[in-house]
Amino acid sequence: TTSIGFHPTDANTFYVGAAIGGVWKTTDGGQTYEPKGDDLPFLAVSSIVVNSDSPETIYIAVSDHVWYGPPSIGVYKSIDGGDSWQATSLSFSFTENIRINWMIADPADADRVFVGTSSGLFRTDNGFDTYVTVNNLNTADLKFKPSDPSIVYQGLSAGALYKSVDGGINFAALANIGSGSTLIA
């Protein structure tokens, strides 16, 4: 299991991604699962985002996290609860050797999704009709500050931590991470 995406209002419905096993849906709290996406061009799923405003809309990162697994072909979108999938504007070829490490949706705007990859951080503001490159840093993880979605943290594979105070438009490195100093969020 590489990822889980939860339905925003139904605790019994969630999606599970697997390294080479595709994406699965449960509607009974994990008692049974139905495969979704067996028609995808590749079955490695490294991250799942369920749109909190429209839970039938799901985004998956078709990628593996680890260096020895398959690289990414991009983000795929379903608007029917996973019954069918379409490639989005954020796509890659295997030869680019890019990995999608993490995706996260803005809690204040479900169509705004951040995608952390081995080649940088990308953002869509319209459900992947288009996207922008935020920076070219090898991104391992992304988190919104729970009490303030205008603050976004970007963890790099190299161990550095970046912070945005404008909702993920711009990021700046936090000084002295890992040197024993106190981090003020």
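Please read all numbers here as calculations on a predicted model, not as lab measurements.
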Which pairs of donor and acceptor atoms, one on a side chain in residues 103-111, lie under 3.5 Å apart (sequence neighbours left out)?
| unit_1 | atom_1 | unit_2 | atom_2 | d |
| --- | --- | --- | --- | --- |
| Asp106 | OD1 | Ala108 | N | 2.8 |
| Asp109 | OD1 | Asp111 | N | 3.2 |
| Asp111 | OD1 | Asn51 | ND2 | 3.3 |

Validation: residues 11-19 side-chain donor-acceptor distances under 3.5 Å, sequence neighbours left out:
| unit_1 | atom_1 | unit_2 | atom_2 | d |
| --- | --- | --- | --- | --- |
| Thr13 | OG1 | Asp10 | OD2 | 2.8 |
| Tyr15 | OH | Lys25 | NZ | 3.4 |
| Tyr15 | OH | Gly81 | O | 3.2 |

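Around the CG atom of Asp53, the shell of radius 6.0 Å holds more than 12 heavy atoms that belong to other residues, nucleotides or ligands.
Side chain of Arg99 to backbone of Ser46: no donor-acceptor contact under 3.5 angstrom is found.
Under the 4.5 Å side-chain heavy-atom criterion for Ile, Leu, Val, Met, Phe, Trp and Tyr, Val23 and Val50 are members of the same hydrophobic cluster. Side-chain heavy atoms closer than 4.5 Å link hydrophobic residues (I, L, V, M, F, W, Y) into clusters, and following such links, even through other members, never connects Val75 to Leu142. Residues Ile60 and Ile73 are members of one and the same hydrophobic cluster, defined by side-chain heavy-atom contacts under 4.5 angstrom among Ile, Leu, Val, Met, Phe, Trp and Tyr. Clustering ILVMFWY residues whenever any of their side-chain heavy atoms sit less than 4.5 angstrom apart, transitively, puts Ile4 in the very cluster that holds Tyr33.
Taking the side-chain hydrogen bond (donor to acceptor under 3.5 Å, both in side chains) definition, one finds that Ser147 meets it with nothing, sequence neighbours left out. Applying the ring-ring contact (aromatic ring centres under 6.0 Å, His included) rule to Phe94 yields the partners Phe42; only residues at least two apart in sequence or on another chain are considered. Every residue two or more places apart in sequence or in another chain was checked for a ring-ring contact (aromatic ring centres under 6.0 Å, His included) with Tyr162, and none qualifies.
Here CD of Gln86 is found 8.5 Å from CD1 of Ile79. Values are rounded to the nearest 0.5 Å. Residue Asn136 holds its CG atom at 8.5 Å from OG1 of Thr117, rounded to the nearest 0.5 Å. In this structure, Leu174 CG and Lys163 NZ are separated by 6.5 Å, a value rounded to the nearest 0.5 Å. Atom-to-atom distance recorded for Glu56:CD and Asp80:CG is 7.5 Å, nearest 0.5 angstrom. From Leu40, atom CG reaches atom OG of Ser78 across 9.5 Å, with rounding to the nearest 0.5 Å.
The shortest non-hydrogen separation linking Tyr76 to Pro41 is OH-CG, 3.2 Å.
For residues 95-125, the pairs satisfying ring pair (Phe, Tyr, Trp, His ring centres under 6.0 Å) are Phe114-Phe144, Phe122-Tyr131, with sequence neighbours left out.
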